[in-house]
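Structure, as structure tokens:
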Amino acid sequence: MRIAIVGIGYVGLVSAACFASLGVEVFCVDVDAEKIDGLRRGIIPIYEPGLEELVRQGTEAGRLHFGTSIADVLPHVEIVFSAVGTPPDEDGSADLRHVLSVARAIGEAMTDYCLVVTKSTVPVGTWQKVQAVIAEQQRQRGVSIPFDVASNPEFLKEGNAIRDFMMPDRVVVGVNTDRAKELMTRLYKPILLNNFRVLFMDIPSAEMTKYAANAMLATRISFMNEVARLCEAVGANVSEVRKGMGADARIGSKFLYAGCGYGGSCFPKDVQAFIQTAREHGSRMQILEAVEAVNEAQKHVLFEKFVAHYGGQVKGRKVAVWGLAFKPETDDMRQAPSVVLIESLLQAGCEVAVFDPVAMDEARRYLGQRVRYAEDLYSSALDVDAIFHVTEWKAFRMPTWEVLRRSVREPLLIDGRNVFDREPVEAGFTLLQIGQ
């Protein structure tokens, strides 16, 4: 098969590379000419384990092509995926300008049937807008070319995206014609040959599924953070509570970890958009409004512990921040708890040293020269009054605590992910955690 993917960001590039590895010929289109030129030269614009090698293999095999024109690729493909960004608007709703721009370009240039598949995370009803824009462009051209619209939301986890794509729990596809269903079946059958886990449904339900799934995961995180706060108040241990809850088969153990809040490109944006979609339809997502409020408050909890420990006397203190990306195995700092923490520390007059195994270049875009960029976790901790553990990279799990104890000025470790146990305490550190 031959397909096009428009919007070569995180979702688009991962999807393109994975489809190409299965023998599909993929035309990648993006308006960013500099990005496209870089991809042609093997420069990957994002960090994702295994992606660089997969792109290289697809390019060398002649199955990955990169360009900037939708019109150039339309005559060669049966399916066009729209994977452009849907950033939050001022009111929290998803900004559909890029999605509708892709639809407009398709309507202006298509010469034969194609299936237009929305991969971007979009509100319910977007498919009708896409359909209307394509039809209007055809009307202006004085042509009537058959086409279908479908929805195929992504469920990729940053840091594990390739495995998620190649071995998915399920593939959700919203269609309203047999022709669209047949094309999507052909496309996904090589991935799911032994266990065809494609869930076909109507298009509005597919659009809704993406938001509902992310909202549920975000809800579990915020719920556990609420439980953690209460655990601290009553003397319970949230880690033990989590084990007891997770052992219940009706609940399960995933996404029950208390911490310093969720971030990234999906959960914050999708929760806000889901709330706004409800408002636009005369409804209200009261639980999600609370989820969002809890998460924003949780991003301040590490700073609050720091201030309380020093009785409010934090101006001029030196601190180290371990972990800048919103989660391990990515360099993504969008909505990251680390950014909120560092801004609070800087406003309080602290000197901040930072280290992340992958996200240091990205951090410079967010933080500029206002912090010290350390070469490793040990140099970050020299002469500091506190170490903040914000992102649970494996590289942070087993430092030599005795060396760190000799390096710091004050042995205070504030663990925002509840990773550490006896070792830092035995080395002489005061350990502050979430919900314990």
Side-chain angles (χ1 to χ4, degrees), residues 44-52 158-160 259-261 263-264 299 302-303 305-306 309 314 316-334 336-346 348 350-434:
I44 309 302
I46 59 174
Y47 176 81
E48 177 64 32
L51 180 60
E52 184 173 359
E158 292 190 39
N160 201 44
C260 50
K299 291 181 181 181
L302 300 186
F303 180 71
K305 289 179 179 291
F306 173 61
H309 178 82
V314 298
R317 294 192 181 275
K318 296 181 179 180
V319 302
V321 176
W322 291 355
L324 303 170
F326 85 94
K327 62 179 286 188
E329 302 301 333
T330 181
D331 63 351
D332 194 344
M333 288 180 59
R334 285 174 288 184
S338 65
V339 177
V340 175
L341 169 64
I342 291 168
E343 292 294 348
S344 296
L345 291 166
L346 292 173
C350 297
E351 296 180 32
V352 182
V354 301
F355 176 69
D356 188 285
V358 169
M360 296 295 268
D361 288 341
E362 189 72 3
R364 288 180 172 88
R365 294 201 311 111
Y366 281 83
L367 305 171
Q369 298 305 310
R370 295 179 297 156
V371 301
R372 177 170 68 86
Y373 296 94
E375 295 182 358
D376 53 41
L377 56 88
Y378 294 100
S379 60
S380 73
L382 289 173
D383 200 32
V384 300
D385 298 290
I387 297 172
F388 292 90
H389 175 239
V390 184
T391 310
E392 62 275 33
W393 286 95
K394 291 179 181 177
F396 297 156
R397 292 186 182 179
M398 297 181 66
T400 305
W401 292 107
E402 291 76 13
V403 172
L404 285 167
R405 176 63 184 87
R406 293 193 297 269
S407 299
V408 301
R409 183 162 59 190
E410 294 289 340
L412 174 62
L413 174 62
I414 305 178
D415 180 9
R417 298 299 177 184
N418 288 358
V419 166
F420 301 116
D421 196 6
R422 302 183 312 275
E423 291 84 357
V425 176
E426 291 172 352
F429 279 84
T430 298
L431 178 62
L432 304 181
Q433 295 181 298
I434 308 294

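This structure is a prediction, so every number in the text was calculated from the model and none was measured.
Between the CG atom in L367 and the CE atom in M360 there is a gap of 10.0 Å [rounded to 0.5 Å]. To the nearest 0.5 Å, the span separating CD on E48 from OG1 on T330 amounts to 6.5 Å. Interatomic distance, NZ of K305 versus CG of L432, reported as 6.5 Å (0.5 Å rounding). Taking OG1 from T430 and CG from L413, the interatomic distance works out to 9.5 Å, rounded to the nearest 0.5 Å. Separation of atoms CG (D383) and CD (E410) is listed at 10.0 Å; rounding is to 0.5 Å. Atom CG in D356 sits 11.5 Å away from atom OH in Y373 (nearest 0.5 Å).
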Stepwise side chain to side chain contact (heavy atoms under 4.5 Å, CB included) check, L404 with Y378: CA-CA 7 Å; L404 285 167; Y378 294 100; 3.8 Å; yes
Working for side chain to side chain contact (heavy atoms under 4.5 Å, CB included), residues F388 and L341: CA-CA 9 Å; F388 292 90; L341 169 64; 3.8 Å; yes
Test side chain to side chain contact (heavy atoms under 4.5 Å, CB included) applied to I387 and F396, step by step: CA-CA 12 Å; I387 297 172; F396 297 156; over 6 Å; no
Criterion side chain to side chain contact (heavy atoms under 4.5 Å, CB included) on V321 and L345, from CA distance to verdict: CA-CA 10 Å; V321 176; L345 291 166; 4.2 Å; yes
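Side-chain contact between F429 and R405: present, with at least one pair of heavy atoms (C-beta onward) separated by less than 4.5 Å. At least one side-chain heavy atom of V339 sits less than 4.5 Å from a side-chain heavy atom of M333. For the pair E52/Y47, no side-chain contact is recorded, criterion being any heavy-atom separation below 4.5 Å from C-beta on.
Side-chain N or O atoms of N418 include none that pairs as donor or acceptor with a backbone N or O of Q433 at under 3.5 Å. Listed for the T391 side chain is a donor-acceptor partner under 3.5 Å among the backbone atoms of A325. A donor-acceptor pair is defined here as one N or O able to donate and one able to accept, closer than 3.5 Å; no such pair exists between the side chain of K327 and the backbone of G264.
Among residues at least two apart or in separate chains, salt bridge (charged side-chain N to carboxylate O under 4.0 Å, His left out) pairs with a member in residues 388-401 are E392-R417. Legend: salt bridge (charged side-chain N to carboxylate O under 4.0 Å, His left out) pairs involving residues 364-382, not counting sequence neighbours, sorted by first then second residue: E343-R370, D361-R364, E362-R365.
Shown here for L377 and A395, the closest heavy-atom pair between the two residues is CD2-O, 3.7 Å. Among all heavy-atom pairs drawn from L324 and S338, the shortest one is O-OG, 2.7 Å. Closest approach of W393 and G323 over heavy atoms only: CD1-CA, 4.4 Å. Of all heavy-atom pairs spanning V314 and C350, the tightest one is O-SG, 3.3 Å. Nearest heavy-atom pair across F355 and A374 is CD1-O, 3.4 Å. Taking every heavy atom of both residues into account, A348 and F303 meet most closely at CB-CZ, 3.8 Å.
R409 has a carboxylate O that lies under 4.0 Å from a charged side-chain N of D385, or vice versa, which qualifies the two as a salt bridge.
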